[in-house]
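The block underneath contains the structure these notes are about, expressed in structure tokens.
Just so you know, residue 1 is the first one in the sequence shown, and it goes up from there.
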Amino acid sequence: MLLTLTTTHRPATDLGYLLVKHPDRVQSFELPAGTAHVFYPEADEDRCTAALLVEVDPQRLGVGRGRGRRQASTPESFTLGQYVNDRAYAASSLLASALSTVFRSALRGESRDRPELAGTAIPLEVRVPVLRCRGGADVAARLFAPLGWTVTATPIPLDEQHPDWGDSRYVDLVLTGTLRVADALNHLYVLLPVLDDAKHYWVAPDEIDKLLRAGAGWLADHPERALITRRYLAHRRALAGQALARLTELRLADEPLPDDSIDEPPADPGPVAGVPGAEESAGAAGQEGRAAGQEPGTTDTAGPGRASLAVRRRDAVLAALAASGATRVLDLGCGGGALLTALVADRRYTEVVGTDVSTHALTLAARRLRLDRLPERQRDRIRLWQSALTYRDDRLRGYDAAVLMEVIEHLDPPRLPALEDAVLGHARPGTMVVTTPNVEYNVRYEGLPAGRFRHADHRFEWTRAEFAAWVERVAATYGYTATIGGVGEEDPEVGAPTQLAVLTTIESTTTENTTTDRKEERR
């Protein structure tokens with residue numbers, strides 16, 4: 001199987017940095033069913049081509065099939081067909097698996113040497129000279145054209161010496177367009193097995209996560225998403241139904257939320273309770289928050305000279321981050337970038353990452369941050385990534401602190417364990433700051449009917465006892481210590497309008513205490 005990727009971006013040899021494969025070397029990688037080779041047939045300043053050649057070992061592929069694992073809907077259902085087939089020559093799920101193994105960093109959009117280029121669309125040409133395409137060239141165009149590709153799918157005749165025999169089920173596929181390399185590879189990873197309409201391995205439920213991860217940012221809005229999902233999941237109706245339901249959720253998440261939220265107490269919210277360092281940083285952070293403006297969908301009734309609850313909440317989060325000593329921070333579910341604006345304005349933060357499942361929100365955040373106008377040094381501190389918080393994302397690991405500001409209440413309760421595992425278990429920031437509404441305080445809002453949440457998109461709102469129980473449980477489960485406080489005026493009967501928790505990893509706490517003890521000893 002052969003796939004080539006060509007660019008005329010200057011210098012074209014930068015393609016080697018994006019693929020993390022040097023143009024002057026031939027590299028080989030062992031696969032479960034064969035060997036993959038990466039080499040460059042041409043590499044100069046004007047034009048560079050990377051080739052992926054996959055050699056399939058029929059015996060190794062057959063051994064994998066003989067281990068008792070059920071297989072998806074592959075055409076070689078008869079015994080001899082497992083050994084005498086087109087798998088060594090025609091692009092299929094085997095090639096998609098090789099892409100995932102060989103170009104893992106490029107698929108994630110990562111490039112240590114050319115990070116700015118990894119996020120830039122460049123001219124690309126992809127060629128797959130032999131691709132089994134169920135449905136013919138028309139299906140290839142229907143799948144790739146909506147993604148910005150110009151598609152040329154030339155049917156391959158059964159026999160060039162006998163044109164009257166007609167065309168085979170294979171096409172010579174050429175795609176041209178201006179896209180990010182990561183997007184191009186993810187399109188191929190998903191759509192090659194879709195066009196083949198077969199997989200070389202059993203399709204399990206975890207294939208849904210693979211599909212949504214590779215399809216992030218494009219699959220939910222693709223006009224052929226139902227066909228893509230059905231074929232990618234080997235026509236397993238239950239899995240396809242689950243995947244389509246989750247794609248529908250992603251599409252809804254990209255739509256603007258109704259402007260009917262209530263997020264403001266009737267009086268001056270006052271100081272933050274239970275958060276170390278809040279008083280010291282509230283003034284300066286509040287100026288940044290007010291400069292950023294009122295969050296969309298809130299009603300500011302604080303009055304002249306009084307900070308809104310949205311600003312007070314932002315100040316409280318900034319205070320908790322400052323007290324933690326963090327320099328590399330994640331804003332998870334960043335929305336339109338209100339908190340990101342304040343983080344970027346503070347030079348103590350050397351790296352600021354905003355993530356959101358909504359591409360619309362990330363576009364608004366980029367506009368709010370004025371990324372296109374920032375000096376390069378400032379821009380290099382900022383990352384905006386599309387990511388769903390209920391799925392593990394390796395990019396989010398290793399950060400000093402992370403923030404979930406008014407995020408958890410937008411998830412259905414059954415999805416919370418997935419978020420807990422992905423964020424506290426897998427990403428595992430040193431400090432985790434969480435804010436969420438206090439439902440007990442809702443009785444103080446005159447315009448809020450009894451039993452109604454503060455925002456139309458909220459799936460739940462917790463009492464103080466419920467929030468405390470959740471914080472205590474996740475802290476014990478994932479090895480954190482926790483403090484719980486409130487943001488806004490502390491009502492003697494119903495508490496503060498916003499609940500806030502700061503979770504710190506036990507190892508971080510131990511290190512901090514040891515450092516403090518040593519300082520005391522030196523004194």
- prompt: Do the side chain of Gln386 and the main chain of Gly217 share a donor and acceptor less than 3.5 angstrom apart?
  reply: yes
message: Hydrogens and angles aside, do His426 and Asp393 bring a side-chain donor and acceptor to less than 3.5 Å of each other?
response: no
query: Between Thr176 and Glu125, does a side chain to side chain donor-acceptor pair (under 3.5 Å) hold up when you go through it step by step?
result: CA-CA 4 Å; Thr176 56; Glu125 179 184 286; over 6 Å; no
statement: Smallest heavy-atom separation, Arg225 atom then Asp221 atom, equals NH1-C, 4.0 Å
query: With sequence neighbours excluded, what pairs up with Arg367 under the side chain to side chain donor-acceptor pair (under 3.5 Å) test?
result: none
- request: Apply the test side-chain contact (heavy atoms from CB on, under 4.5 Å) to residues Val423 and Leu330: give CA-CA distance (whole Å), side-chain angles for both, the deciding distance (0.1 Å), then the verdict.
  value: CA-CA 11 Å; Val423 175; Leu330 299 166; over 6 Å; no
- prompt: Checking side chain to side chain donor-acceptor pair (under 3.5 Å) for the pair Thr35/Glu30: CA distance, chi angles, key distance, verdict?
  reply: CA-CA 5 Å; Thr35 307; Glu30 287 302 311; 3.2 Å; yes
For residues 113-122, which side-chain N or O atoms pair as donor and acceptor with protein atoms under 3.5 Å away, sequence neighbours left out?
residue: Thr120; atom: OG1; partner: Glu116; partner atom: O; Å: 2.7

- prompt: Parallel under 30°, tilted from 30 to 60°, perpendicular over 60°: which one fits the rings of His410 and His455?
  reply: perpendicular
query: Who passes side chain to side chain donor-acceptor pair (under 3.5 Å) against Thr355, sequence neighbours left out?
result: none
- prompt: Residues two or more places apart in sequence or in another chain: which of them pass side chain to side chain contact (heavy atoms under 4.5 Å, CB included) with Asp206?
  reply: Ala204
Residues which pass side chain to side chain contact (heavy atoms under 4.5 Å, CB included) with Arg381, listed by chain and number, not counting sequence neighbours: Val344, Tyr349, Gln378
query: Got a donor-acceptor contact below 3.5 angstrom from the Arg348 side chain to the Leu343 backbone?
result: no
Candidates Asp138, Leu173, Val171 - the one meeting side chain to side chain contact (heavy atoms under 4.5 Å, CB included) with Cys133: Val171
- request: Before giving the answer on side chain to side chain donor-acceptor pair (under 3.5 Å), spell out for Thr390 and Arg415 the whole-Å C-alpha distance, their side-chain angles and the decisive distance to 0.1 Å.
  value: CA-CA 7 Å; Thr390 50; Arg415 302 290 291 162; 3.1 Å; yes
task: For Glu420, check side chain to side chain donor-acceptor pair (under 3.5 Å) against everything at least two apart and list the hits.
output: Trp470, Arg473
message: Tell me whether Arg379 contacts the main-chain N or O of Leu374 through its side chain, where contact means a donor paired with an acceptor under 3.5 Å.
response: yes
query: Can any side-chain N or O of Arg231 pair as donor or acceptor with the backbone N or O of Val194 at less than 3.5 Å?
result: yes
Parallel, tilted or perpendicular: ring planes of His222 versus Trp218, cut at 30 and 60 degrees: perpendicular
- request: Check each of Leu175, Leu5, Asp172 against Arg127 using the side chain to side chain contact (heavy atoms under 4.5 Å, CB included) test, and report the only one that passes.
  value: Asp172
- request: Please step through side chain to side chain donor-acceptor pair (under 3.5 Å) for the pair Gln27 and His37, ending with a clear verdict.
  value: CA-CA 6 Å; Gln27 294 178 260; His37 309 280; over 6 Å; no
task: Could you tell me whether a side-chain N or O of Ser168 sits under 3.5 Å from a main-chain N or O of Ile156, the two making a donor and an acceptor?
output: yes
- prompt: Within a strict 4.5 Å, meaning less than it, do heavy atoms of the Leu211 and Val190 side chains meet?
  reply: yes
